[in-house]
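These notes concern the structure reproduced below.
All ligand and atom numbering here is 1-based and tracks the order in the structure. Predicted, not measured: the structure shown is a model, and the values here were computed from it.
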Amino acid sequence: MPSMIPKLYIIVPCYNEEEVLPITSGLFLEQLRQMTAQGKIRDDSRILFVDDGSKDHTWQIITQLSQEDPHYIGIRQSRNRGHQNALLAGMMEARDRCDITITIDCDGQDDIHAMTQMVDAYLDGSQIVYGVRSSRDTDSFFKRTTARGFYKFMGAMGVETVYDHADYRLVSSRVLREFSNFKEVNLFLRGMFPLVGFKSTCVYYERRPRMAGESKYPFSKMLQLAFNGITSLSVRPLQIIMGLGLLIALISFIGVIWSVVVALMGDAVPGWASMTCIICFIGGIQLSCIGVLGEYVGKIYLEVKGRPRYIISERTNDDQEDP
Ligand code: UDP
Ligand code: MG
């Protein structure tokens with residue numbers, strides 16, 4: 001039975017963030033202190049940095065922070081594995097050490113103060129609290145439209161996500177214990193948590209510009225994340241190509257009847273252009289459908305190998321912490 005006041009782990013993935021970490025780390029601690037003072041969380045709550053194999057001084061900064069204040073702890077991935085894997089590593093590390101976790105980016109874009117409302121929602125009985133951006137005014141036009149399109153497209157492809165929610169989220173350790181039975185290596189966390197179920201709610205906040213440093217999510221990575229999300233969580237693309245195949249079969253059937261009739265009437269013309277068009281069209285459709293199939297086969301290949309989803313190479317607190 002967890003005590004009445006929950007112990008919180010704030011999980012912060014960091015990849016090459018030496019510029020922003022010195023600014024935001026203090027803000028996280030301040031927020032932790034404030035929530036402790038308000039009696040919302042226990043004083044032995046922690047800020048857990050997950051260094052995702054940074055190539056700059058991020059890990060040194062994390063180690064230094066952990067020496068300055070016991071609320072800061074850190075783990076380090078053996079190499080860069082990406083945001084989703086870093087989050088998973090953090091959540092699995094925290095799972096048995098606390099009552100609730102909040103995942104948040106380290107760049108200060110997500111309003112740190114929304115954590116108070118998230119914890120309130122947990123105390124009101126929600127096991128998952130999704131942080132949702134109430135506006136995107138500070139994102140560039142390009143980022144805003146592509147991101148919006150991304151959520152719409154995901155929905156059309158059969159992936160249930162919370163609109164405008166990224167990975168700023170409170171998850172209780174009870175949910176995390178169930179979540180650890182989701183063994184897939186292709187991670188799309190924001191689409192997976194709705195599948196776990198439990199009572200959930202949303203908290204709205206304003207998205208701000210990055211406090212320092214540059215985005216580690218270029219358009220290509222975003223696109224990759226979207227396609228990974230779709231093919232990991234939905235088979236709708238397979239259903240769509242099935243439907244497309246049936247439609248083309250139907251049209252072809254009509255075409256066959258038509259051409260037989262024309263031939264019987266002795267009207268057959270050379271028809272080179274129409275033949276070429278049909279061959280090219282069907283060929284293109286077939287290749288793209290095989291591509292979609294291949295994408296799923298590739299996913300199966302990766303899942304079957306079942307390689308570890310994260311590897312922790314270092315810890316700041318090397319097991320002083322009670323598990
Ligand atoms: N990040 C990570 N591994 C990566 C890329 C990014 O852990 O390979 C972290 C990054 O340090 C940040 C968060 O994921 O805390 C979100 O990245 P970013 O702010 O660059 O993305 P954006 O907000 O521009 O979408
Ligand atoms: Mg960011």
How about the Mg ion (ligand 2), which protein N, O or S atoms come within less than 2.8 Å?
-> D107 OD2, Q109 OE1
Scan side-chain atoms only and decide if [X] and [Y] contain a donor-acceptor pair under the 3.5 Å cut-off.
| X | Y | answer |
| --- | --- | --- |
| Y163 | R148 | yes |
| Q84 | D167 | yes |
| R95 | S180 | yes |
| Q127 | S172 | yes |
| N186 | E303 | yes |

Below 4.0 angstrom from a heavy atom of [X], which ligand 1 atoms are there? Numbered from 1 as shown, please.
| X | result |
| --- | --- |
| R207 | 23 (O) |
| C106 | 11 (O), 15 (O) |
| K216 | 5 (C), 6 (C), 18 (P), 20 (O) |

Ion pair check, K299 and E184, cut-off under 4.0 Å = no
Before accepting this row, confirm whether a basic side-chain N of the pair D120/K40 lies closer than 4.0 Å to the acidic partner's carboxylate O.
-> yes
Y301 six-ring centre to K305 NZ/CZ under 6.0 Å and within 45° of normal = yes
Between [X] and ligand 1, which residue portion shows a heavy-atom distance shorter than 4.0 Å: side chain, backbone, both, or neither?
| X | result |
| --- | --- |
| C14 | backbone |
| D105 | both |
| N80 | side chain |

Using atom types as modelled and distance alone, determine if a side-chain donor or acceptor of E18 lies under 3.5 Å from a backbone N or O of H57.
-> yes
Mark yes or no for whether R207, through its side chain, and Y205, through its backbone, hold a donor-acceptor pair below 3.5 Å.
-> no
What's the shortest distance from [atom] to any protein heavy atom, and which residue and atom give it?
| atom | value |
| --- | --- |
| atom 3 (N) of ligand 1 | D52 OD2, 2.6 Å |
| atom 19 (O) of ligand 1 | D107 OD2, 2.6 Å |
| atom 17 (O) of ligand 1 | Y217 CD1, 3.8 Å |
| atom 1 (N) of ligand 1 | Y15 CB, 3.7 Å |
| atom 25 (O) of ligand 1 | K143 NZ, 3.0 Å |

Shortest reach to atom 14 (O) of ligand 1 by a heavy atom, considering only Q84, R210, H83 = H83
Do any nitrogen or oxygen atoms of S215 come within less than 3.5 Å of a nitrogen or oxygen of ligand 1?
-> yes
Sub-4.0 Å heavy-atom contact, R81 with ligand 1 = no
Apply side-chain hydrogen bond (donor to acceptor under 3.5 Å, both in side chains) to Q31 and T116, showing your working.
-> CA-CA 8 Å; Q31 173 66 16; T116 314; 2.8 Å; yes
Can you say whether the rings of F28 and F49 are parallel (under 30°), tilted (30 to 60°) or perpendicular (over 60°)?
-> perpendicular
Looking only at heavy atoms, the pair that brings A94 and I11 closest together is CB-CD1, 4.1 Å
